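Just below is one structure, and these are the notes that go with it.
Values below: every heavy atom of this structure, side chains too, minus hydrogens, waters and symmetry copies. Here the structure is a predicted model, which is why all the values come from computation and not from measurement.
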Amino acid sequence: MRSKPTTIKEIARILNISPSSVSRGLHDHPSIGAVTREKIKQLAKSLNYEPNNAAIFFQKGKTYTIGVILPELSEHFFSTAISAIEDEAMKKNYTVIFAQSHDDYDLEVRLVEKMKNQRVDGLLVSISKDTSKFDHFEKLSTFNIPVVFFDRIPPFKNVHYVACSLESATVKAVNYLLKKGHRTIGLINGPTTLYASEERKEGYMQAITYNRLKFDPTLVVNCDLTEKGTIAAADELINHKRKPTAIVAFNDYVALFLIKHFKKLEVINDFDVVSYANLPFISYLDHCPVASVEQYPYLQGQKAANILLDLMSNPNVENQAYFNTIVESDLVVNDEN
């Protein structure tokens with residue numbers, strides 16, 4: 001039984017040829033005759049030769065790995081985006097390394113450092129809900145590691161990103177509720193650190209003012225996206241002097257917390273809820289959001305992966321322009337009543 005892996009040098013010694021000839025023969029280089037190529041391959045097979053990827057990667061200056069940092073792999077949106085990222089990476093023979101920040105900024109910082117130490121060729125990121133500083137990403141440029149953000153993105157343009165048009169999506173959501181006859185609409189928003197929260201608020205304000213209604217900032221309540229935080233935000237709106245008859249929720253998970261709370265209080269029929277993400281299971285619920293914004297996670301993951309692959313294959317692109325890609329959203333209606 002062999003204790004060490006077979007090397008190109010060993011194959012070369014047995015065949016009495018140079019290691020470079022063995023390497024070229026294994027890669028079907030035309031400078032090596034057909035008979036010699038066949039001998040090299042047959043011997044390599046009999047000795048269970050495996051290429052030393054570490055040496056190959058070192059020589060090429062690449063590891064052919066992409067790092068991906070997400071808040072939660074268990075969320076349907078991110079698991080769908082992962083499928084797209086893996087599909088696109090596989091086409092270019094890249095391996096994907098995934099990590100979860102669990103919406104923890106400090107953990108996100110450590111994960112970026114680990115990805116750097118793993119020598120990933122590029123990084124795809126959806127930031128945590130607590131991320132308001134971006135030094136840990138900016139440092140990666142020193143190591144020529146491009147970063148593409150998707151879905152949850154930084155609040156500035158001088159980065160590469162793919163995101164859904166949340167502002168216009170919120171306009172559609174509020175307009176839908178207004179057409180249903182609602183005139184007092186609340187918004188349970190996410191943390192103020194998230195750019196996505198600002199986009200939702202802007203869209204909400206646009207729709208309200210465009211329809212000649214008075215914008216009431218107290219009808220916009222921020223929460224930390226947990227069940228406890230959602231309940232506190234819901235109670236604030238329920239006890240509001242202008243109690244809303246409809247609520248726009250930050251996403252389907254917040255909507256589910258909200259609906260569960262309304263059922264417990266036996267006020268489930270007093271509110272219409274619109275949310276974001278369009279999770280597959282919501283239409284099967286007894287009480288589901290009347291509509292949800294489709295954010296196309298597969299398409300977002302696909303576009304983000306392709307941008308990163310382009311940046312890695314053509315480093316000069318990095319200095320030319322930033323890729324700011326917006327995926328248009330759709331409002332999927334679950335209740336036509």
Under 3.5 Å, which donor-acceptor pairs link side chains of residues 107-116 to any protein atom two or more places apart or in another chain?
from : atom 1 : to   : atom 2 : distance (Å)
E108 : OE1    : S128 : N      : 2.9
E108 : OE1    : T131 : OG1    : 3.3
E108 : OE2    : T131 : OG1    : 2.9
E108 : OE2    : H136 : NE2    : 2.9
E113 : OE2    : K116 : NZ     : 3.4

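Evaluation of the side chain to side chain donor-acceptor pair (under 3.5 Å) rule for K92 yields no partner, not counting sequence neighbours. Looking at residues two or more places apart in sequence or on another chain, you find no salt bridge (charged side-chain N to carboxylate O under 4.0 Å, His left out) involving E294. In this structure, the side chain to side chain contact (heavy atoms under 4.5 Å, CB included) partners of T184, at least two apart in sequence or on a different chain, are L219, R242, P244.
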Problem - R183 vs L178, side-chain contact (heavy atoms from CB on, under 4.5 Å): CA-CA, chis, key distance, verdict - result: CA-CA 6 Å; R183 287 297 174 266; L178 291 170; 3.7 Å; yes
Practice task
Run the numbers on Y210 and N175 for side-chain hydrogen bond (donor to acceptor under 3.5 Å, both in side chains), then give the verdict.
Solution key: CA-CA 10 Å; Y210 180 81; N175 282 340; over 6 Å; no
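Note on residues 126-140: no pairs pass salt bridge (charged side-chain N to carboxylate O under 4.0 Å, His left out), not counting sequence neighbours. Listed by first and then second residue, the ring-ring contact (aromatic ring centres under 6.0 Å, His included) pairs involving residues 249-277 are F262-F271 (not counting sequence neighbours).
Taking each heavy atom of T193 and S132 in turn, the nearest pair found is CG2-CB, 4.2 Å. The two residues P19 and I8 have their closest heavy-atom pair at O-CG2, 3.3 Å. Considering every non-hydrogen atom in both K157 and Y161, the closest pair reads NZ-OH, 3.1 Å. Taking each heavy atom of A233 and I188 in turn, the nearest pair found is CB-CG2, 3.9 Å. Nearest heavy atoms, L225 versus P191: CG-CD, 3.8 Å. Taking both residues in full, the closest heavy atoms of H76 and L279 are given as CB-CD2, 3.5 Å, listed atom of the first, atom of the second, then distance.
No more than 12 heavy atoms of other residues, nucleotides or ligands sit less than 6.0 Å from atom NZ of K39. Residue Y284 qualifies as open at atom OH: its count of foreign heavy atoms under 6.0 Å is 12 or below. Shown here is R24, whose CZ atom has more than 12 heavy atoms of other residues, nucleotides or ligands within 6.0 Å. The local environment of CD in Q118 is sparse, with at most 12 non-hydrogen atoms from other residues, nucleotides or ligands closer than 6.0 Å.
Summarising the geometry, atom CG belonging to L213 is positioned 13.5 Å from atom CE belonging to M205; distances are rounded to the nearest 0.5 Å. Within the model, atoms CZ of F98 and CD1 of I82 stand 5.0 Å from one another, a figure rounded to the nearest 0.5 Å. The distance from atom CD1 of I127 to atom CG of L194, rounded to the nearest 0.5 Å, is 6.0 Å. From K9, atom NZ reaches atom CD1 of I14 across 14.5 Å, with rounding to the nearest 0.5 Å. For the atom pair NZ of K45 and OG1 of T6, the computed distance is 14.5 Å after rounding to the nearest 0.5 Å. Atom OG of S292 and atom CG of D330 lie 11.5 Å apart (nearest 0.5 Å).
With hydrophobic clusters built from ILVMFWY side chains whose heavy atoms lie under 4.5 angstrom apart, L256 does not share a cluster with I231. Hydrophobic cluster membership differs between V327 and V332, with clusters built from Ile, Leu, Val, Met, Phe, Trp and Tyr side chains linked at under 4.5 angstrom.
Of the possible polar contacts, one joining the N211 side chain to the A207 backbone as a donor-acceptor pair under 3.5 Å is found. Of the possible donor and acceptor atoms, one in the side chain of Q295 sits under 3.5 Å from a partner among the backbone N and O of A277. Proximity of a side-chain donor or acceptor of D252 to a complementary backbone N or O of A255 within less than 3.5 Å is not detected. Looking at D121, its side chain does come within 3.5 Å of a backbone N or O of T63 through a donor-acceptor pair. At least one donor-acceptor pair under 3.5 Å links the side chain of H29 to the backbone N or O of S31. The backbone N or O of H182 sits nowhere less than 3.5 Å from a side-chain atom of T245 that would complete a donor-acceptor pair. Side-chain atoms of E88 do not come within 3.5 Å of backbone N or O of N306 as any donor-acceptor pair. Listed for the Q300 side chain is a donor-acceptor partner under 3.5 Å among the backbone atoms of D151. No donor-acceptor pair under 3.5 Å is formed between the side chain of T170 and the backbone N or O of Y204. The backbone N or O of P71 sits nowhere less than 3.5 Å from a side-chain atom of D103 that would complete a donor-acceptor pair.
Residues I238 and L265 have side chains in contact (heavy-atom distance under 4.5 Å, counting atoms from C-beta outward). Here the side chains of P289 and I282 are in contact, with some heavy-atom distance below 4.5 Å. Using a 4.5 Å cut-off on side-chain heavy atoms (C-beta onward), T192 and S197 make no contact. Looking at heavy atoms from C-beta onward, V162 lies out of side-chain contact with F323 at the 4.5 angstrom threshold. In this structure, the side chains of K41 and D28 come closer than 4.5 Å at one or more pairs of heavy atoms. When side chains are defined from C-beta on, I208 does not count as touching D216, because their heavy atoms never get closer than 4.5 Å.
Partner of E199 under the side chain to side chain contact (heavy atoms under 4.5 Å, CB included) criterion, out of I153, L166, N189: L166 alone.
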